[in-house]
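The next block holds one structure in the form of structure tokens; read it before the comments.
Atoms within a ligand are numbered from 1 in the order they appear, just like the ligands themselves.
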Amino acid sequence: MKALEERIKQDGRIIGKDVLKVDSFLNHQIDPKLMQEMGMTFAELFQNEGIDKILTVESSGIAPAIMTGLALDVPVVFARKNKSLTLPDNVWTADVYSFTKQTTNHIMIDKRFLKSNDRVLIIDDFLANGQAVLGLVSIVNQAQATVIGAGIVIEKTFQNGRRQLDEQGIRVESLARIKNFNDGEVEFI
Ligand code: 5GP
């Protein structure tokens, strides 16, 4: 998506070797117009798939997920990150290792919000090593629902998330695909 690539070039900040900060428009301060355009783009990509639920994980996935849900006119569910070790039994859970925070989060979704006949589109802000999306896939599988695909705002193709999802046969659509951070510049595929 051209507008997104331009915004990344303009406002993204590279941290260390492999992290991109986009907190001025995506995951701290949010640009609603850009977010809406992203939602419409995801909706177009998956419009013929009979999606009836959008699934994401708090908090950075929520904004693009809502815009996609709005465009497809379907509900949006976000997995909560649970801090306590005791889990109620009315939830589906998965462990997700966080690439940026280097900690493991237990994510959970109330069983009321995911049913076996749901056709689910997973949305997230970044694809790095695939752990967040794989955690959501695991939850969808536990609920015996169907993963139709994953919509990613920014994919870092130099990490192995795409390969992990390919191995599970999951369709991945990314709005911006970063090849590398060369000399402090973001290069897209
Ligand atoms: P993965 O689970 O694919 O390894 O990493 C994806 C998750 O980590 C995303 O939900 C996102 O919150 C976070 N993440 C991964 N890479 C980056 C990055 O370069 N910048 C930011 N802001 N978040 C990232």
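- D110 contributes a side-chain N or O that, together with a main-chain N or O of R112, makes up a donor-acceptor pair within less than 3.5 Å.
- K156 has its side chain within reach of F126: a pair of non-hydrogen atoms, C-beta onward, lies under 4.5 Å apart.
- Residue contacts with ligand 1: L127 is placed with no nitrogen or oxygen under 3.5 Å of a nitrogen or oxygen of the ligand (distance criterion only).
- Across every non-hydrogen atom of I66 and V76, the tightest pair is CA-CG2, 3.9 Å.
- Each of the atoms 9 (C), 10 (O) of ligand 1 lies under 4.0 Å from some heavy atom of D124.
- Checked by atom type, the side-chain pair T41/E37 shows no donor-acceptor distance below 3.5 Å.
- Every N/O-N/O distance between V19 and ligand 1 stays at or above 3.5 Å.
- Looking at atom 6 (C) of ligand 1, its nearest protein heavy atom turns out to be F126 O, 3.5 Å.
- Shown in contact with N27 at under 4.0 Å from a heavy atom are these atoms of ligand 1, numbered in order with element: 22 (N).
- With hydrogens and angles disregarded, a donor-acceptor distance shorter than 3.5 Å links the side chain of K111 to the backbone of D89.
- Distances between N or O atoms of Q131 and those of ligand 1 include at least one value under 3.5 Å.
- Using a 4.0 Å cut-off between charged nitrogen and carboxylate oxygen, K9 and E6 do not count as a salt-bridge pair.
- The distance criterion of under 3.5 Å between nitrogen or oxygen atoms is met by A132 with respect to ligand 1.
- Without hydrogens or angle criteria, S98 side chain to T103 main chain gives no donor-acceptor distance under 3.5 Å.
- Among protein heavy atoms, atom 15 (C) of ligand 1 sits closest to F99 CD2, 3.6 Å.
- The pair R163-E167 meets the salt-bridge criterion, since a charged nitrogen lies less than 4.0 angstrom from a carboxylate oxygen.
- Remark: side-chain polar atoms of S174 are not paired, donor with acceptor, to backbone N or O of V153 under 3.5 angstrom.
- The atoms of ligand 1 that sit less than 4.0 Å from any heavy atom of K156 are 16 (N), 17 (C), 18 (C), 19 (O).
- Here the heavy atom of the protein found nearest to atom 5 (O) of ligand 1 is A128 CB, 3.5 Å.
- Residue N129 has at least one N or O atom closer than 3.5 Å to an N or O atom of ligand 1.
- Geometrically, R119 does not engage F46 in a cation-pi contact, judged by NZ or CZ lying under 6.0 Å from the ring centre and within 45° of the ring axis.
- When heavy-atom distances to ligand 1 are checked against a 4.0 Å cut-off, V96 has no atom that comes that close, whether in backbone or side chain.
- At least one heavy atom of G130 sits under 4.0 Å from some atom of ligand 1.
- Below 4.0 Å from some heavy atom of L20 lie the following atoms of ligand 1, by number and element: 18 (C), 19 (O), 20 (N), 21 (C), 22 (N).
- The part of T100 lying near ligand 1 is the side chain, judged by heavy-atom distances below 4.0 Å.
- Of the heavy atoms in D125, only side-chain atoms (C-beta onward) come closer than 4.0 Å to ligand 1.
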